[in-house]
Amino acid sequence: MTADPPAVRVVALWVGDRGRPEFLATARPTVSWAVESEGTDWAQRSAQIEVRLDGVVTGFDLLGAGSQRQPWPARDLAAYESAAVRVWVRGTDGSASALSSWVEVRTGPLGGDDWRAPLITPAVAADAWPERGTARFRTELTAPAGLASAVLSVTAHGLYEATVGGVRVGDELLTPGWTAYRDRLAFQTHDVTALVRAAAADGDVVLAATVAEGWYGERFGFDGNFARAYPGPVALAAQLRLVDEAGAVTWVTTGPDWTTSVVGPVTSASIYQGESHDARLDDDAAAVPGVTLPAALPARLLADVLTDDDAADHLTAARLVPASSPPVRVIETLPVREVRTSGSGATILDFGQNLVGWVRLRVDGRAGTVITLRHAEVLEDGELGVRPLRFAKATDRYTLRGDGPEEWHPRFTFHGFRYVEVSGWPGAFDPADVTAEVVHSDLVRTGELTTSNPLLNQLHSNVRWGMRGNFVSLPTDCPQRDERLGWTGDIQVFAPTASYLYDTAGFLGSWLSDLTVEQARSGTVPIVVPNPLPFGSPPGAAWGDAATIVPDALYAHYADPEPLARQYASMRAWVEDLRAIAGDSNLWTGGFQFGDWLDPSAPPDKPNQARTHSDIVASAYYYRSTAALTRAAQVLGCEDDAHTYAALAEQIRLAFVAEYVTPAGRMMCDAHTAYALAIEFGLVTEPALRARLGANLAELVRAFGYRIGTGFVGTPLMTDALTRTGHADVAYRLLLEQGCPSWLYPVTMGATTIWERWDSMLPDGRINPGEMTSFNHYALGAVADWMHRAIGGIAPAEPGYATVAIAPVPGGGLTSAAASLDTGYGVVTVDWVVEGSAVEGTGVEGAAVQGDGSTFTLRASVPANTRALVTLPGADDAVEVGSGEHTWTCALPAPPAVDPAPWTLDTPLARFMDDDVARSALLAVLAEVGFFFAAGWTADGRWRSDTSLRQSLVMLSLDAIATIERTVAALG
Ligand code: RAM
């Protein structure tokens, strides 16, 4: 008798990217599903996708294991269409699921061809526009009898908020988002049937919108040289498609028949400066038929206002694209943690978390009372630290209506803040009347990590908050000062981390489309995307490489060939740019480079003066991009290109090694980033040479006293380069260092996000004097990618996690860790624990003691239809397992023996560095005898293993040396 096959069910089914807007952005969305099965080793043998279109259900058979991002099996969807999809699966074990439930999908307009509404703007002279004012738009319509459906699509030059019958349409914020407006302007589509019906019950329906300048009208630049990037006044385009029960379609579209006004309660609004709302000007013109806007003006077609050139650029239908990135929403609210009174008497609210969004308030007071809210990330001398905001005022003002409790939050700005200074509050202030609303793109959360070390958990939380604050419509460098730009280098280093924490496919896919069009416009990949800067940008290594590396990272996580195909020409164009620069030398040298930006040894005002020469960074990235392009060519079956670029990559590699790597394994520029690039990018492949580079890097890290020695480029690579060359203990020690500069230094200073600089806040509590000092910058948080793979133990063994590599690397005194990742197939979980060791703590020492008699237990859950390659600590080979729950136990490899030699003046300095007690004792006695190099040892490091303490004690009296000798001898 054969046993019944295990029960299997389709537990999730989605069409298009996870977290996408409700209306599809494509005629051919992908289809994905996740399966749960009771047994182990479940693999899909086939699936059937059923699509209901035009009332007809068609089944499409799919042989094989594919369950993620399967191509749309039916005919292309048309605009304004609905379909439904369901699926059932069969296992290789003969099991079969029931049919899943139907998932309904809809399209609105799919592009410019489906767009019929012109952009309109108030008929007002340019000099009559209020500074950073807003425009209002309004029309009335009669809903058809027997309304079956009403679908509204809207976009704007500026940020819009639309209402039907006075009720806000949807919950999406900061629409239409920031894209490369000259070539891509997104529109949003919503089903407004219920809103139109509700409003129609009282007669005619008012369709209205307010438009603020937003990113479209913002002034961009540096150092006070600001300019608008996009021409013309704010403008709105909206089209409402009404269908009655008989199927008759009527349209309401923006046009000269709408009324407009520049008078309204939002008296000024700007991304950088903040928003002012005078509630005494609130009216019901957007809600009630027959009520006209104050100081109403006719609408004009924007086409009649723009100059011919601008119009040619800005009014093309091809520019209009359906929004595909997850919408921006309020994701979370936080209460006031503490109310403080500053030295100057100001009331400052502390939300306990550096966040991005705004404050919502509830207030009761006299009409005309003005409440002012100023935002800042940090305090300095107990007052708001606003200098880092540069020219951004980040100030909101609310003027009370005075007719009872009023609630308000801004809608056309956002701030990066932990602290808010409140002034003008009427009566006694109750902190319960104010909440912070956390606003960002609503990506699907996928990855988690916790460890037994609270400081590391805080670091990880800071990384996630850094991402949340900088994923507001586009990936930015920072969310608070007069910048907030889509810096390509920042997302290039952070994309792998981001793609573990959240599903970034829709968000970064959309941004890459912006990159492509900006690249075509600029002739190379600009330093920021979208590019609003009034000056050209030459190609920059590690920045422009976002063109190749971000698609590469997306493919590693999601294995979707479609975005890779979409980006292929852009990837290739970037590599060709570099090939033209490098020429026959195959090296990219000279020119302006950001290089290893913000190396901690660079002076505050010269952030690109890194210890690693920017030529090394440039050629390493030239290789990295060419390798990524080669992989993409292979995936896409472009065989000629795959050969050409593989050969080019090899030439670059050889040129790099010949120019920058000595035969004995030292880098020209004996600096961390140089080694990390050579190892991690695979520039040096010969095993003995790699091992030498790894050993030299480890020695350099120790010589620096485990303080960080890298900027944006080297930082994401360090822990990997060390681990890969057999120095995981050094990687952990680096990660766990708390002195400045280090990853944990900001944590010890109370940071709740990742900082732009290692020392954005100096040890004495003062803000770094550099003019560029953000407290919310994700780039240096890219180390979390290593944490996910090495501590959490989860990595893709093949693109998209159909096979997951589970290979945790215990160390750093950690006694446990737990990680999980929703790969789409389901949730991979890994948790491990080290038992039998009483030792807690950090560092090489902790790791050394921990191994004695301890066992390592690893539990993992592998989703159905996937497999795992599991490598236990110390094992050479991986074990392959199928889906289900698994547990392994092993003894941890023996720890390195503790050096029994007595401590003397001839002890190598490195040994002092690796022993917390010895190091503290030594530094204390050096300070006591007044050794003038002592401070340098702490800050820059001199802790070399080929230099003894005696050799280092130059220019000291014999008495002082004798004192030091006694202290050292007392160590045992
Ligand atoms: C600054 C920011 C940004 C970086 C550029 C080069 O504006 O720090 O993160 O990418 O410089």
Side-chain angles (χ1 to χ4, degrees), residues 218-226 271-272 356 377 387-392 416 463 466-467 469-472 474-495 497-498 511 515 518 524-547 549-550 591-600 602-610 612 614 617-618 621 673 710-716 741 746 753-761 767-783:
E218 192 51 83
R219 286 79 169 154
F220 297 102
F222 295 97
D223 248 352
N225 295 316
F226 297 106
I271 302 271
Y272 295 157
V356 172
E377 299 186 289
R387 182 176 55 81
L389 304 182
R390 303 194 301 214
F391 288 85
V463 172
M467 172 171 176
N470 284 296
F471 272 54
V472 181
L474 71 154
T476 51
D477 61 329
C478 61
Q480 72 299 77
R481 66 182 178 221
D482 56 354
E483 188 160 349
R484 314 186 199 185
L485 299 174
W487 280 96
T488 46
D490 303 44
I491 190 59
Q492 182 271 113
V493 296
F494 192 69
T497 305
W511 181 79
L515 180 145
E518 294 286 25
T524 189
V525 180
I527 50 179
V528 293
V529 170
N531 183 11
L533 299 176
F535 46 82
S537 53
W543 270 253
D545 297 284
I549 293 173
V550 176
F592 172 81
Q593 296 289 358
F594 293 114
D596 193 19
W597 188 247
L598 288 166
D599 172 329
D605 58 340
K606 297 191 181 71
N608 68 342
Q609 278 190 9
T612 296
S614 61
V617 173
Y621 265 96
T673 296
T710 49
F712 276 28
V713 166
T715 298
T753 37
I754 299 294
W755 296 346
E756 176 172 27
R757 296 173 181 272
W758 293 110
D759 56 352
S760 283
M761 180 74 81
I767 297 170
N768 188 298
E771 57 84 50
M772 191 190 72
T773 300
S774 137
F775 291 86
N776 199 353
H777 238 74
Y778 49 56
L780 300 178
V783 68

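Counting starts at 1 for both ligands and their atoms, following the listed order.
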Point to revise | Identity of the nearest option to atom 5 (C) of ligand 1, non-hydrogen atoms only, from Trp487, Phe594, Phe222 | key: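 Result: the heavy atom closest to atom 5 (C) of ligand 1 is in Trp487.
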Exercise for review: Would you mind finding which of Arg481, Arg484, Glu483, Gln492 brings a heavy atom closest to atom 7 (O) of ligand 1?
Suggested key: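 Among Arg481, Arg484, Glu483, Gln492, the closest heavy atom to atom 7 (O) of ligand 1 comes from Glu483.
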Practice item. Find all atoms of ligand 1 within a distance of less than 4.0 Å from any non-hydrogen atom belonging to Phe712, and give their numbers and elements. Key: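 Listed by number with element: 9 (O).
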**Study point:** Under 4.0 Å to a heavy atom of Met772 - the qualifying atoms of ligand 1, by number
**Key:**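 Ligand 1 atoms under the 4.0 Å threshold to Met772: 1 (C), 8 (O).
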In terms of residue, atom name and distance, what is the protein heavy atom nearest to [atom]?
atom: atom 11 (O) of ligand 1; answer: Trp597 CZ2, 3.2 Å
atom: atom 2 (C) of ligand 1; answer: Glu756 OE2, 3.4 Å
atom: atom 9 (O) of ligand 1; answer: Asp490 OD2, 2.5 Å

Check your understanding: What's the verdict on side-chain hydrogen bond (donor to acceptor under 3.5 Å, both in side chains) for Asn470 and Thr476, showing C-alpha distance, side-chain angles and the deciding distance?
Key -> CA-CA 5 Å; Asn470 284 296; Thr476 51; 2.8 Å; yes
Check your understanding: Hey, what's the ring geometry for Phe220 with Tyr272, parallel, tilted or perpendicular (30° and 60° as the breaks)?
Key ->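 Rings of Phe220 and Tyr272: perpendicular, as their planes differ by over 60°.
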Point to revise | Criterion ring-ring contact (aromatic ring centres under 6.0 Å, His included) on Trp487 and Phe712, from CA distance to verdict | key: CA-CA 12 Å; Trp487 280 96; Phe712 276 28; 9.3 Å; no
Review point. Mind checking whether Arg757 has a heavy atom under 4.0 Å from ligand 1?
Key: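 False for this residue.
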Point to revise | Distance-only donor-acceptor check, side chains Gln492 and Tyr621, under 3.5 Å | key: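 Yes, side-chain donor-acceptor contact under 3.5 Å.
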Review point. Looking just at side-chain N and O atoms, do Thr710 and Thr673 make a donor-acceptor pair shorter than 3.5 Å?
Key: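 The criterion, which ignores hydrogens and geometry beyond distance, is not satisfied for Thr673 and Thr710.
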Practice item. Indicate the atoms forming the closest heavy-atom contact of Cys478 with Ser774, along with that distance. Key: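 Looks like CB-OG, 3.7 Å.
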